[in-house]
Participant: 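One structure, as structure tokens, below. Some questions next.
In the text below, chain A, chain B and the rest are named by the order of the sequence lines, each starting its count at 1.
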Amino acid sequence: MIRDFKRLAILVAALLLFPATALAESPKETLQRSVDQVILLLQDPAYKDAATKPAMREKLIKTIQGIFNAKELSRRALATNWDKFSPAQQERFSNSFMTLLQNTYLDRIEGYTDEKVNYLAEKMLAADRAEIPTIVTSKGRNIPITYRMLNADGWYVYDVIIEGVSLVQNYRNQFTQILMKESPDTLIDMISKKS
Amino acid sequence: MNRHPLHLAALVILLLPIFALATGCNGKKSQAARDFAPKTEAAAQAEPTAAPADPAEPGDAQAEDGETLSEPVNDPLYGWNRFWFTFNDYFYTGIRPVVQGYRYVVPEFARTGMKNVYDNFTFPVRFLNALLQLNLTKAAREFGRFMINSTFGVGGFFDLAKSDPNLQPGNEDFGQTLGYYGMGEGFYIVWPLLGPSSARDSVGLAGDIAANPLTWIFGLWDYKGQDQTWYLSYAISAGNRFNRLPEYLDDYESMKKSALEPYVSMRDFYIQYRRGRIAQ
């Protein structure tokens, strides 16, 4: 707790003293800002209240939207099928898939409302790609959640790996299977119905 | 009474490599060769999530690997698997009310406590596998956990060791040990009631059963009509499984809720998860 405070104080000081560093935020900092906000919202008593819950959920979605890179996520989830989609289909796919993915991600972390997130050292996969492993401690269990991030005018998440299982890869396998028999439009409809 | 489980375990251990060979040769040759290729390469290609990122590697190639080289899971038993997947789905959905009742009646600390006792009791399986994987740190950790929890944790009911970051619970098994020595999954298989597995992990399961103290104490079947309590092995294991069902069904439901193709999603979850475990 105190260490987090110290870290925050140092961060704030750094931001105030060196405005330049604020522009070139590290992927870890970007992620931390969003994830901490998500957890704060999940822990908010207003979230437990049935009346205010939809509004809180909307806030949550907004926060997640801010950090997820919809296009990159969609392109990766479709893999080679991405090129078979027309630009309009790509757009519609992106939108519906994002909703589905956000809900999946939220459902998965919603159970850990008492969670504490421990951010481990980021690994640079390339100049514009990074991997940030985190350990979520909830009810005495340690759940490793790794975020993959891409630098496109700021850092954005393009994959979430929960307990070694990549969400994007999991969807990619399903989409590949479906697209063997169905048209892109049918797939988009199926996703919209799910989310 | 004490002699026969020993024979049995020896038999199972002897059968292991034979079964392993059989599963290796059953599939198409090229497939088998690919699947049983050294783990490091196959895992790194097919499973970028599990492989620690190599900073020296060109990032783009690494990132693209996940898309282009994501190796499809070998699923030659698709018909059988699909059937048992559906069967299990009906079964677990059917007993959900019972499981919810159990969750309601038995408080969480009691369920966790029972799980802890079982896990503590089956410590030799994890300890042995850590040793077989030449991982002394993990073996020492398992041993330390067993000593602390068996004594101060009242026979394992309380997982006191967990409060020490160096004594976190592990879950090594024979499937992972086989993976450590380079054996691929072989193929995906869904067992009735037990759920998703692979050829390798099924072989591993036989090893886990052989190393399980329950097997040594109670045996697995009636032996020469002696008066034994062999069924306790099954009853206790099944009891432990039932005890974990509330949590398992939660995970299963959330998987189903998020999936468009639950069968494919489940298969991928299983394979990715196991590859990740082996890479650790």
Participant: Non-hydrogen atoms of chain B under 4.5 Å away: do they reach the side chain of A:N170, the backbone, both or neither?
Facilitator: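 When you check distances to chain B, atoms from both the backbone and side chain of A:N170 fall under 4.5 Å.
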
Participant: Are there more than 12 heavy atoms of other residues, nucleotides or ligands under 6.0 Å from atom OH of A:Y119?
Facilitator: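 Yes, OH of A:Y119 has more than 12 neighbouring heavy atoms, counting only those of other groups under 6.0 Å.
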
Participant: Around atom NZ of B:K138, are there more than 12 heavy atoms from other residues, nucleotides or ligands closer than 6.0 Å?
Facilitator: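 Check passes, neighbour count above 12.
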
Participant: Side chain from CB out, backbone as N, CA, C, O: work out which of these in A:Q174 comes under 4.5 Å of a heavy atom of chain B, or both, or neither.
Facilitator: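 For A:Q174, backbone and side chain are both near chain B.
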
Participant: Under 4.5 Å from any heavy atom of chain B, what part of A:I191 do you find: side chain, backbone, both or neither?
Facilitator: both

Participant: Measure across A:E163 and B:Y273 and return the closest heavy-atom pair with its distance rounded to 0.1 Å.
Facilitator: O-CD1, 3.3 Å

Participant: Do side-chain atoms of B:Q272 reach the backbone of A:S166 as a donor and acceptor pair under 3.5 angstrom?
Facilitator: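 Checking the backbone N and O of A:S166 against the side chain of B:Q272, a donor-acceptor pair under 3.5 Å is found.
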
Participant: Looking only at heavy atoms, what is the nearest atom pair of A:K194 and B:K256, with distance?
Facilitator: NZ-O, 3.4 Å

Participant: Under a 4.5 Å cutoff for heavy-atom pairs, which residue among B:P262, B:S163, B:P169, B:A259 has the most contacts with chain A?
Facilitator: B:A259

Participant: Can you tell me which portion of B:S265 sits under 4.5 Å from chain A's heavy atoms? Options are side chain, backbone, both or neither.
Facilitator: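 When you check distances to chain A, atoms from both the backbone and side chain of B:S265 fall under 4.5 Å.
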
Participant: Out of the candidates A:V165, A:I162, A:N173, only one should pair with B:F269 under the side-chain contact (heavy atoms from CB on, under 4.5 Å) rule; please name it.
Facilitator: A:V165

Participant: What's the spacing between B:K257 NZ and A:L100 CG if we round to 0.5 Å?
Facilitator: 10.0 Å

Participant: Is there a side-chain contact between B:L260 and A:F175 (heavy atoms, below 4.5 Å)?
Facilitator: yes

